[in-house]
Protein chains: 2
Amino acid sequence: MVTERMTTRAIDPEAGGDGRGDDRDGFGTVFGNGRGGDASDRQSGRAAGRGNGAPATLSDVAREAGVSIATASRVLNGGTRKVRDDLRGKVMQAAERLNYHANAYAQAVAKGGSSNIALLVSDISDPYFAGVSQGVVKAASQRGVTVSIAVASNGEDELDRVRGLVATRPRGIIISESENVNDSARQELQEELERYRSSGGRVVFILDRGLPFPAVDVANEAGGRAIGRLLVESGYRRPVILKGNDGYRSSAQRYRGVVGALAEAGIMVDPRAVANGQFNRTKGFSAIMQMAGAGGMLTPGEGAVYGGAGADSIVALNDVMAIGAMTALRNAGIVPGRDIGVTGFGDIPYAVDVHPALTTVHLPLTDMGRAAVESVLSDDEYVADDSGRRLIFLQGRPDVILRDSLPRR
Amino acid sequence: MVTERMTTRAIDPEAGGDGRGDDRDGFGTVFGNGRGGDASDRQSGRAAGRGNGAPATLSDVAREAGVSIATASRVLNGGTRKVRDDLRGKVMQAAERLNYHANAYAQAVAKGGSSNIALLVSDISDPYFAGVSQGVVKAASQRGVTVSIAVASNGEDELDRVRGLVATRPRGIIISESENVNDSARQELQEELERYRSSGGRVVFILDRGLPFPAVDVANEAGGRAIGRLLVESGYRRPVILKGNDGYRSSAQRYRGVVGALAEAGIMVDPRAVANGQFNRTKGFSAIMQMAGAGGMLTPGEGAVYGGAGADSIVALNDVMAIGAMTALRNAGIVPGRDIGVTGFGDIPYAVDVHPALTTVHLPLTDMGRAAVESVLSDDEYVADDSGRRLIFLQGRPDVILRDSLPRR
DNA sequence: CTGTTAGCGCCTTCAG
DNA sequence: CTGAAGGCGCTAACAG
């Protein structure tokens with residue numbers, strides 16, 4: 001175990017306290033305070049619905065307007081308008097006065113279908129998923145559908161969450177998880193989703209996982225190949241590769257691309273120089289800390305990779321890994337970019353803000369989210385059989401963004 | 001307008017294309033591919049619910065089990081179990097066989113209340129909001145409630161989104177927006193929320209906005225003061241301050257703290273050295289680009305702040321602004337940490353990964369989200385009047401995290 | 001303990 | 001064009 005933030009001190013501004021402590025510090029410490037209230041506090045005594053409790057219902061509005069509940073429904077929610085103008089006016093006024101809002105649940109029950117989609121991610125606070133989620137939510141709200149979000153940090157959770165989401169009967173469910181689970185969980189997941197689909201739901205993955213459902217995908221292998229080529233063109237020969245879980249398809253594809261391009265240039269990757277892990281910052285950090293620490297595998301000398309020559313570059317198959325790796329390098333006294341080149345994959349927003357700025361391949365995160373909601377909301381029949389039309393490709397050829405973390409050498 | 005990524009080139013790995021182009025490139029280019037399907041594609045023909053279409057309903061299960069629909073309901077969903085074991089068994093088997101999942105909407109309608117909360121943020125892809133959201137979603141799912149999320153990038157959107165969310169009749173709504181809107185929108189928002197509350201909903205803000213609703217808040221002013229003090233203790237005298245929108249309470253509080261501490265040490269902030277903006281990376285970047293560019297306000301000389309002496313530090317009242325500012329400094333040939341000290345506010349995960357690592361005050365993002373969920377789900381009566389118990393404070397005294405971006409000088 | 005009977009709030013034929 | 005009536009899937013008294 002390598003501890004992090006080695007160089008970080010925490011102080012308490014008021015006292016000489018013991019510092020930052022556990023993240024959970026102070027949580028739950030709920031206490032009142034005596035600030036005088038704002039002038040605006042109680043000044044708006046405007047009629048609030050039915051004054052007392054429950055929100056106004058359709059029949060309230062109907063009664064108030066002196067029409068039937070059916071007409072009220074037609075003007076308020078019905079699509080095609082076929083109501084006399086005076087009635088229509090009355091209804092709208094009544095609705096306004098009562099502050100009527102349709103009850104979405106009742107509508108869903110009556111119509112037998114909601115206007116909600118579900119999104120499952122493994123970690124919202126990861127910039128990759130945050131970007132995708134942003135795309136999903138914005139695209140959905142443009143189309144007037146709401147999105148429920150759930151996070152599943154591990155493979156077991158995933159199945160639970162999916163079950164929970166299915167219960168809310170969304171129009172569709174979008175799964176953007178990074179890691180693959182063990183085979184039995186995978187099998188159960190597939191069955192659950194198939195049942196969901198056979199009951200009219202639509203499912204789409206973001207990044208293909210090899211399951212028989214549509215998936216929004218990107219050119220992973222081509223991207224990897226581009227990175228590999230860039231590496232050799234820029235004069236690097238001895239890369240360390242940081243990949244994700246082996247069961248994770250996208251990681252495998254990127255890896256294949258990198259290794260392939262390298263091989264074409266006659267470069268064989270030292271098996272000791274490839275680290276398996278997960279697509280998260282911590283793993284990138286710890287992998288490099290370990291290599292740098294234990295025997296100095298990175299820098300030339302006894303026990304170093306590539307027969308003692310050491311590494312000249314780090315190829316992370318994911319941006320946050322690359323970023324974690326960079327700070328690990330620094331902790332080990334190695335200057336990223338100067339001593340060792342670094343590349344990422346994804347082009348998350350903060351890739352420009354690390355130093356040196358990260359060379360990486362661009363992934364249209366927001367668009368990926370958008371494409372997923374389009375797929376889920378479309379009425380196209382999906383082809384259940386296996387040929388064609390299962391993958392939705394964004395970007396045919398990847399763009400690699402050259403920054404300073406991989407200078408020519 | 002200052003353009004960004006000035007040093008960034010984009011290449012196309014295959015052709016000598018014109019680079020990265022617009023972000024929207026390639027979007028919508030949906031095309032099939034001919035990959036052979038996986039073996040797993042059609043092998044699982046397991047009974048899927050009622051085989052054909054609609055999912056099984058409660059009465060389906062009841063019939064299948066040979067019991068009344070009420071008993072079925074009791075065993076499947078009812079809390080307290082009071083059903084004979086043999087019947088209970090039959091029901092569960094039937095449910096299993098039919099793959100029954102309760103229809104959450106119908107339940108919500110019947111019970112007159114859902115088990116869903118709504119979350120409104122201004123930008124999920126901002127690490128601050130991502131952290132908060134993560135806390136909200138996890139806490140909610142632990143309690144078995146789902147969360148619907150919406151994003152409102154600006155003040156007008158906010159009102160729309162709130163209306164949309166109210167329509168879904170959530171148990172509560174959590175608002176974590178960073179900017180204040182104009183007065184009329186603010187007034188409408190307040191009224192909308194008051195109606196929602198009077199119909200039984202609970203609302204809570206994350207970071208107080210001065211509206212008459214509960215808010216999860218942190219020690220903004222104390223945090224600001226801590227930063228101010230740290231500044232003078234570390235030998236800085238001429239800070240540039242990057243604040244948020246003036247209407248934004250938390251920003252104002254932090255600002256007051258910083259300026260107050262500075263004043264105590266006899267330091268007056270040059271008015272030209274404070275930039276108003278918004279709490280986002282871009283604003284931090286452009287503010288510094290502008291200062292560094294136009295006449296070189298930052299470095300000693302004609303037209304520089306502090307009577308020509310220039311700035312020795314940048315105090316951003318938000319981490320992402322600080323991060324944007326750091327890369328802007330670099331673009332201007334100024335080395336952050338060495339030439340000019342930098343501080344942030346928030347301690348987002350990637351604050352450790354910029355270089356030099358960011359000195360900042362820690363905010364318990366995840367816990368803030370969790371506290372909001374607890375508030376919204378609790379049954380405490382809220383005090384509508386203005387004295388006491390409106391603010392929920394996490395952390396009484398802020399922790400400032402010392403890293404390398406503000407070395408002693 | 002179990003089944004019967006009303007609704008929940010809304011939509012949607014179906015007559016007028 | 002409008003109103004009455006039945007139904008969506010489920011829960012909640014209420015009798016047995």
Side-chain angles (χ1 to χ4, degrees), chain A residues 49-50 53-92 94-95 98-116 166-170 199-200, chain B residues 49-50 53-92 94-95 98-116 166-170 199-200:
Chain A
R50 286 140 126 188
T57 112
L58 226 205
S59 64
D60 291 335
V61 177
R63 191 179 331 115
E64 175 90 3
V67 301
S68 84
I69 165 174
T71 18
S73 169
R74 287 192 263 260
V75 12
L76 262 8
N77 310 313
T80 46
R81 54 177 117 89
K82 283 178 181 173
V83 177
R84 236 171 41 213
D85 275 1
D86 54 330
L87 287 194
R88 150 176 244 80
K90 286 172 127 176
V91 171
M92 304 208 46
L98 264 38
N99 188 242
Y100 171 78
H101 286 301
N103 180 325
Y105 295 120
Q107 289 187 149
V109 175
K111 302 183 152 136
S114 73
S115 164
N116 175 279
V166 166
T168 72
R169 287 196 173 31
S199 74
Chain B
R50 284 140 127 190
T57 112
L58 226 205
S59 65
D60 290 335
V61 177
R63 192 180 329 116
E64 176 90 4
V67 301
S68 83
I69 164 173
T71 8
S73 170
R74 286 191 264 262
V75 12
L76 262 9
N77 311 314
T80 47
R81 50 178 119 91
K82 285 176 182 174
V83 177
R84 233 171 45 214
D85 276 1
D86 54 328
L87 288 194
R88 151 176 243 81
K90 285 171 126 176
V91 171
M92 303 209 44
L98 265 38
N99 189 240
Y100 170 79
H101 287 300
N103 180 326
Y105 296 119
Q107 291 187 147
V109 174
K111 301 187 159 137
S114 71
S115 164
N116 175 280
V166 166
T168 71
R169 286 195 174 34
S199 74

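Reminder, nothing fancy here: chain letters follow the sequence lines and each chain counts from 1.
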B:L58 CG to D:dC10 C1', in whole Å, measures 6 Å
What heavy-atom pair brings A:D60 and A:A56 nearest, and what distance separates the two atoms?
OD2-CA, 3.5 Å
Provide, to the nearest angstrom, the distance between the CG atom belonging to B:L98 and the C1' atom belonging to D:dG9.
15 Å
Of B:D85 and B:A106, the one whose nearest nucleotide on DNA chain C sits closer to the 5' end is B:D85
Gap between atoms OH and P, on A:Y105 and C:dG7 respectively (whole Å):
24 Å
Spacing between B:K111 atom NZ and D:dT11 atom C1', to the nearest angstrom:
8 Å
I need the minimum non-hydrogen distance between B:Y100 and B:T57, along with the two atoms involved.
CE1-C, 3.6 Å
Atom pair CD (B:E64) and CG (B:L98), whose distance is rounded to the nearest 0.5 Å
5.0 Å
At their closest point, which heavy atom of B:Y105 faces which heavy atom of A:N116, and how far apart are they?
OH-CB, 3.8 Å
Answer whether the closest heavy-atom distance between the side chains of A:L76 and A:V91 falls below 4.5 Å.
yes
Got a list of protein N/O to nucleotides 14-16 of chain D N/O distances below 3.5 Å?
none

So that I can tick it off, tell me whether B:D85 and B:R88 are bridged by a salt bridge, with the cut-off set at under 4.0 angstrom between side-chain N and carboxylate O.
no
Distance below 4.0 Å between B:T57 side-chain N/O and D:dC10 OP1 or OP2
yes
Using atom CZ of A:R169 as one end and atom C1' of D:dC10 as the other, report the distance to the nearest whole Å.
11 Å
Under a 4.0 Å heavy-atom cutoff, the residues of residues 66-73 of chain A touching DNA chain C are A:A70, A:S73
Could you state the CG-P distance from A:N103 to D:dC8, rounded to the nearest angstrom?
18 Å
Contact summary for B:A95 and B:V61, nearest pair of heavy atoms:
N-CG1, 3.9 Å
Phosphate OP1/OP2 of D:dC10 contacted by B:Q107 side-chain N/O (<4.0 Å)
no
Report the end-to-end axis angle of the helix from C:dC1-D:dG16 to C:dG16-D:dC1; each axis comes from five terminal pairs, and the value is rounded to 10°.
40°
Do you know the tightest heavy-atom contact between B:S114 and B:R169?
OG-O, 3.2 Å
Any base atoms under 4.0 Å from B:A102, or only sugar-phosphate, or nothing? Heavy atoms, all strands.
sugar-phosphate
How long is the line joining CG of B:D60 and P of D:dC8, in whole Å?
11 Å
Taking only the side-chain nitrogens and oxygens of B:Y100, find out if one of them lies under 4.0 Å from OP1 or OP2 of D:dC10.
yes
All heavy atoms of A:S73 vs all of A:L58, minimum pair found to be CB-CD1, 3.6 Å
Would you indicate which nucleotide in D:dC8, D:dT11, C:dT2 comes nearest to any side-chain atom of B:A110?
D:dT11
